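Report on the structure given below.
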Amino acid sequence: MDRYNFKTAEAKWQNIWAEHGSFEADEDPERPKYYVLEMFPYPSGRIHMGHVRCYTIGDVVARYKRACGFNVLHPMGWDAFGLPAENAAFENKVHPAKWTRENIAAMRDQLKSMGLSYDWRRELATCEPEYFRHEQKMFLDFLKAGLAYKRESWVNWDPVEQTVLANEQVIDGCGWRSGAPVERRLLAQWFLKITKYADDLLETLAELDRWPDQVRLMQANWINRSEGATVGFSLAGRTDSLDVFTTRPDTLFGASFCAIAANHPLALELAESDPELATFIERCSRMGTSEAAIEAAEKEGYLTALRACHPFSKNWELPVYVANFVLMEYGTGAIFGCPAHDQRDLDFARKYGLDVVPVVAPNDGSGAEIGSEAFTGDGEIINSEFMTGLDVEAAKRRAIDELERLNSGQSKITYRLRDWGVSRQRYWGCPVPVIHCESCGNVPVPEPELPVTLPDDVDFEQSGNPLDHHPTWKHVPCPVCNKPAERETDTFDTFFESSWYFVQFGSTEQERIFSRAEADYWMPVDQYIGGIEHAILHLLYSRFFTRALTDCGYLDVKEPFAGLLTQGMVCHETYRDASEEMGGWLFPEQVTRDSDNKLVQVGNGRPVVAGRSEKMSKSRKNVVDPELIIATYGADTARLFMLSDSPAARDLEWTDAGIEGAWRYTNRIWRMIAKPEFHLSPVTGDAPETFDDASEEVLRKIHRTIADVTADFDAFRFNRAVARIRELTNTLANLDGDSADRAWTRRFGFETTAQLIAPVMPHIAEELWSLLGHKSLLSDTAWPSADETYLSEDTVTLAVQVNGKLRGTIDLPVDVDKQIAEERALALENVARATGGIAPRKVIVVPNKVINVVL
RNA sequence: GCCCCUGUGGCGGAACUGGUAGACGCGCUGGAUUCAAAAUCCAGUUCCCGUAAGGGAGUGCGAGUUCGAUUCUCGCUGGGGGCACCA
């Protein structure tokens, strides 16, 4: 028998599917639709294993749902704007557009070799004007709707390169290329009003019942609605006051200081006449703009000359600090500190020798004294005049009432969620379609002039924004008054493009924006698949965009993704040269085993140390190239391995042994099913009248497997589905004999195997299907259904425990009387020995599961 | 620092809603086949004691709830993701 030739078979079926337009989907009101989408890739140049995993999962879902009768939309595109293209331009002198388009072409070929069931007619690339012209129009509509506005905001500024840095370009507070300490700088930037929908985005999470709980929780924490109060502290000797936001107005009598952000207007004002403060503020600004850097830094404060008067006692003055942990972006950029009941305030108070006054006494009577830990629980208010004796909730209300009466504060709801800053001072992005005119202000580019495209002749040698220093591009007449004006030189954040691409896939012609009818038919995405790293930002921005587009009349849908699956990362062991101290990283293909089974380098035999398994990354060199794997084992084997071992949501460990195991299985089903004697046998005829016991048992297994695999695919338990199919293969391999009943059963088993494995290994499944005599495509064949009569069992094995320890098992009829089960269990020799003749105190019988004898 | 997730044999993992821990695969051991090897097929494989029957331990660590905990609660610890300009 011929060995399975995956090279010819995979190419053959890919061509046949393409010729048949097998995966092209169009609106069809008669059929239920199913939209499955994987997060589109950034065109970095080559696909990596993370892509292979994500797109395999998506393809299994798409092919399975298609077999189940759904009109499946399964598109693919390119998230084509972004920083790496500009870095490539800087390093390799390639134009970002050329680099990006070549990468797309290469990656498209790689994806096609995987046999993915995409409707390629719908392919889009976000860097093409046909795509981004639509989002420029959307932005203008957002402007009209009051959903976009401009204000000043802080950026990381590299003083040497004279350019804005992304957070990933800031390493330990310094610019990645210049090494110069980064500064914070204010810049006028465009924002989208995501906070308008804060409550809706938060509340609707409850309805997203096909999203992982952890993602919904992360989003809820990100939005973080908090109810509290603004409290006005008048400032001694000044006419203005300091507004702070707090969620704990009940602890106001425990206040011992106020603190303001380093970039708070008051801090900046004081710094003008206080050089030491100016130095402190400058040091804070070196921490960059990332919250992680700010929060992880040691808490420090600078004591100012300001004194804040307590709202409930005018003679009580609190010191005012400028502190590096207070964020200008949250609340009012100022806090009051109650060290007894907030851990961060306590740490700060201990460091600067401030009072710690407990005002909440724990209900458990453990005393109100504060040691090294703040008490944040509920309790009885003490030391608090009119609030003393109340519980925390009542005291919060009482404090707010009092603040309102004194006209020095009111209840307030704030969100951690901030408006989305979409301005980027970069070239390779979608231009913001606005013109600045000295007399008319920010003027939208008139719609007939869209799209605003990027100039091709740009210089990446010069630092700063290439659009800004282009000689002619930005100089245009004002559309209103015709006087000389300047284009906006910012481009959009690339999250802008990825916040609506899933709707545009509804259109089959990329130069035409999706129609309302297309969006109404296809949206929402029924199943979205991608990495957990996008759990917050991309998904939240997309949810916002969908609402904004609905408000602007583009759509009538609130939530873009009805179902979400977040897949884990692909990991691999790391290797280093052991012959030198901290030797360099080695690629897996540079490492082999010598005769003593020790790890050595290929070629020179030098020793190698294996490190722990980590996410595949170029920097660690622990990468395996999908193209090489597909060339060696074929797409089906690669796809099988991607799904075999790990649940989709967990990390996957790539091993040579694992891919070899998948390869063996590919050959195993081929050897089993593709025997010449089956090639010519007729397509399954009527079933024989009777089956012998062995056939009957195999039939049960086949139907059981259909039911289990169907349930597993429905729940995205691909690894279990694969295990069930392998079990079926083992069972079928043991069924021999040529009698009519056995031959029929075996053939039925083979056909079922081909059908069940088809979503995972579509090429070999199609090949086997045709070898079994079918003239139609397996990809056009309906999913098999299990015959209920084969699924029910008449006996069941129960576990018998004594005091919770397993002492034996008994086979009993299903749903047997509890009394009989108990008697049979107690009669077991092993149970009698374990009880030692002592009469059981009670016997717990869980029907069809377990009998527990309790002594 | 804050938020979220995760830890089961030599390895990847399974165990549905608290009910026989280790399905399936890898690896390993023994056997068959072969001139030999590869490939393939068969059997075994959590650890400890025992020829066996059987017994003991066991799901990161420590407690708790329960007749019964991988599953629920609390604390600790290792690993990972996110933290708003990487995508």
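A, B, ... follow the sequence lines: proteins, then strands. Residue 1 opens every chain. Keep in mind it's a predicted model, so treat the numbers as computed, not measured. What's counted below: heavy atoms across the whole structure, side chains too, no hydrogens, waters or symmetry copies.
Within 6.0 Å of atom CD in A:E91, more than 12 heavy atoms from other residues, nucleotides or ligands are found, so the atom counts as buried in its surroundings.
At a threshold of 4.0 angstrom between heavy atoms, the contacts of A:G82 are confined to the sugar-phosphate backbone, with no base atom among them. Among the protein residues, A:R424 comes within range of the nucleic acid bases, having at least one heavy atom under 4.0 Å from a base atom. Residue contacts for A:N730: at a heavy-atom cut-off of 4.0 Å it reaches the sugar-phosphate backbone alone, with no base atom in range. A:S646 comes within 4.0 angstrom of the backbone, heavy atoms only, and of no base. Contacts of A:A535 with the nucleic acid, taken as non-hydrogen atoms under 4.0 Å apart, are absent. Here A:Q425 lies in heavy-atom contact (under 4.0 Å) with a base. Backbone-only engagement by A:R650 is indicated by non-hydrogen atom pairs under 4.0 Å involving sugar-phosphate atoms exclusively. In this structure, A:T655 reaches neither bases nor backbone, as no heavy-atom distance under 4.0 Å exists between it and the strands shown. Using a 4.0 Å heavy-atom criterion, one finds that A:R720 contacts the sugar-phosphate atoms exclusively. When heavy atoms are screened at a 4.0 angstrom cut-off, A:V215 is found touching no nucleic acid atom at all. Counting non-hydrogen atoms under 4.0 angstrom, A:Q189 reaches a base of the nucleic acid. Looking at heavy-atom distances under 4.0 Å, A:V164 makes contact with a base. No engagement by A:N667 is indicated, since no non-hydrogen atom pair under 4.0 Å with the nucleic acid exists. Using a 4.0 Å heavy-atom cutoff across all strands shown, A:S44 reaches no nucleic acid atom at all.
One atom, CD of A:Q219, and another, C1' of B:C2, lie 17 Å apart when rounded to the nearest Å. Summarising the geometry, the separation between CH2 on A:W211 and C1' on B:C4 is reported as 15 Å, rounded to the nearest angstrom. Taking atom CD of residue A:E86 and atom C1' of nucleotide B:C85, one finds them 12 Å apart after rounding to whole Å. Straight-line distance from the CZ atom of A:F544 to the P atom of B:A84: 19 Å, rounded to whole Å. Between the P atom of B:C83 and the OH atom of A:Y330 lies a distance of 19 Å, rounded to the nearest Å.
On the C1' atoms, B:G58 is 14 Å away from B:A69, given to the nearest whole Å. B:G19 and B:C74 have their C1' atoms separated by 24 Å, with the value rounded to a whole Å. Between B:G13 and B:C24, the distance separating the two C1' atoms is 9 Å to the nearest Å. Nucleotides B:A36 and B:G31 are separated by 14 Å at their P atoms, to the nearest Å. For the C1' atom pair drawn from B:A23 and B:A15, the interatomic distance equals 8 Å after rounding to whole Å. B:G60 sits 9 Å from B:U70 when the P atoms are compared, rounded to a whole Å. Taking atom P in both B:C26 and B:G79, one finds a spacing of 32 Å when rounded to whole Å. Spacing between B:U20 and B:U59 at atom P, rounded to whole Å, works out to 16 Å.
Of the residues in residues 843-855 of chain A, those lying under 4.0 Å from RNA chain B by heavy-atom distance are A:I844, A:V846, A:K849, A:V850, A:N852, A:V854.
Note that the CD atom of A:E168 and the CG atom of A:L83 stand 6.5 Å from one another [nearest 0.5 Å].
Judged by closest nucleotide on RNA chain B, A:L652 is the one of A:L806 and A:L652 placed further toward the 5' end. Residue whose closest nucleotide on RNA chain B sits further toward the 5' end, between A:N156 and A:L217: A:L217.
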Give every pair of a protein N or O atom and an N or O atom of nucleotides 41-47 of chain B that lie under 3.5 Å apart, one pair per line with the distance.
residue: B:C41; atom: OP1; partner: A:R668; partner atom: NE; Å: 3.3

N/O donor to acceptor pairs below 3.5 angstrom from side-chain atoms of residues 532-543 of chain A, sequence neighbours left out:
residue: A:H538; atom: NE2; partner: A:Y528; partner atom: OH; Å: 2.7
residue: A:S542; atom: OG; partner: A:H538; partner atom: O; Å: 2.8
residue: A:R543; atom: NE; partner: A:E559; partner atom: OE1; Å: 2.9
residue: A:R543; atom: NE; partner: A:E559; partner atom: OE2; Å: 3.2
residue: A:R543; atom: NH1; partner: A:L201; partner atom: O; Å: 3.2
residue: A:R543; atom: NH1; partner: A:Q219; partner atom: OE1; Å: 2.9
residue: A:R543; atom: NH2; partner: A:L201; partner atom: O; Å: 2.8
residue: A:R543; atom: NH2; partner: A:E559; partner atom: OE2; Å: 2.8

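Close to B:G56, at under 4.0 Å from its OP1 or OP2, lies a side-chain N or O of A:R807.
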Produce a footprint string for nucleotides 69-81 of chain B: one letter per nucleotide, 5' end first; B if the base is under 4.0 Å from any protein heavy atom, S if only the sugar-phosphate is, - if neither. ----------SSB

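The base of B:C24 is not paired with the side chain of A:R724 by any donor and acceptor separated by under 3.5 Å. A donor N or O paired with an acceptor N or O is not found under 3.5 Å between the base of B:G13 and the side-chain atoms of A:D645.
Residue A:F545 is tested with A:F495, A:F492, A:F496 for a ring-ring contact (aromatic ring centres under 6.0 Å, His included); the sole match is A:F496.
Counting only heavy atoms from C-beta on, A:E291 has its side chain closest to B:G1 among B:A87, B:G19, B:G1. The A:A292 side chain lies nearest to B:C83 when the options are B:C86, B:C26, B:C83. For A:R664, whose side chain is taken as the heavy atoms from C-beta onward, the closest listed nucleotide among B:C85, B:C83, B:C26 is B:C26. When distances run from any side-chain atom of A:P647 to the nucleotides B:A84, B:G13, B:A87, the shortest one goes to B:G13. Of the listed nucleotides (B:U20, B:A84, B:C24), B:U20 has the atom at the smallest distance from the side chain of A:T809. Listed nucleotides: B:A23, B:G54, B:C83. Nearest to the side chain of A:A723: B:A23.
Nucleotide B:G60 is shown with an anti base, its glycosidic torsion being more than 90° from 0.
In terms of the ring-ring contact (aromatic ring centres under 6.0 Å, His included) criterion, A:Y330 has no residue partners (sequence neighbours excluded). The salt bridge (charged side-chain N to carboxylate O under 4.0 Å, His left out) search around A:K299 returns none, not counting sequence neighbours. Among residues two or more places apart in sequence or in another chain, the salt bridge (charged side-chain N to carboxylate O under 4.0 Å, His left out) test is passed with A:E152 by none. For the salt bridge (charged side-chain N to carboxylate O under 4.0 Å, His left out) test, residues two or more places apart in sequence or in another chain that qualify with A:R416 are A:E291. By the side-chain contact (heavy atoms from CB on, under 4.5 Å) test, A:R726 pairs with A:S644, A:Y665, A:V722, sequence neighbours left out. Listed by chain and residue number, A:F257, A:I335, A:D342 satisfy the side-chain contact (heavy atoms from CB on, under 4.5 Å) test with A:D345 (two or more places apart in sequence, or in another chain). A search for ring-ring contact (aromatic ring centres under 6.0 Å, His included) contacts involving A:Y197 returns A:F544, not counting sequence neighbours. Evaluation of the ring-ring contact (aromatic ring centres under 6.0 Å, His included) rule for A:F713 yields A:Y64, A:W783 as partners, not counting sequence neighbours.
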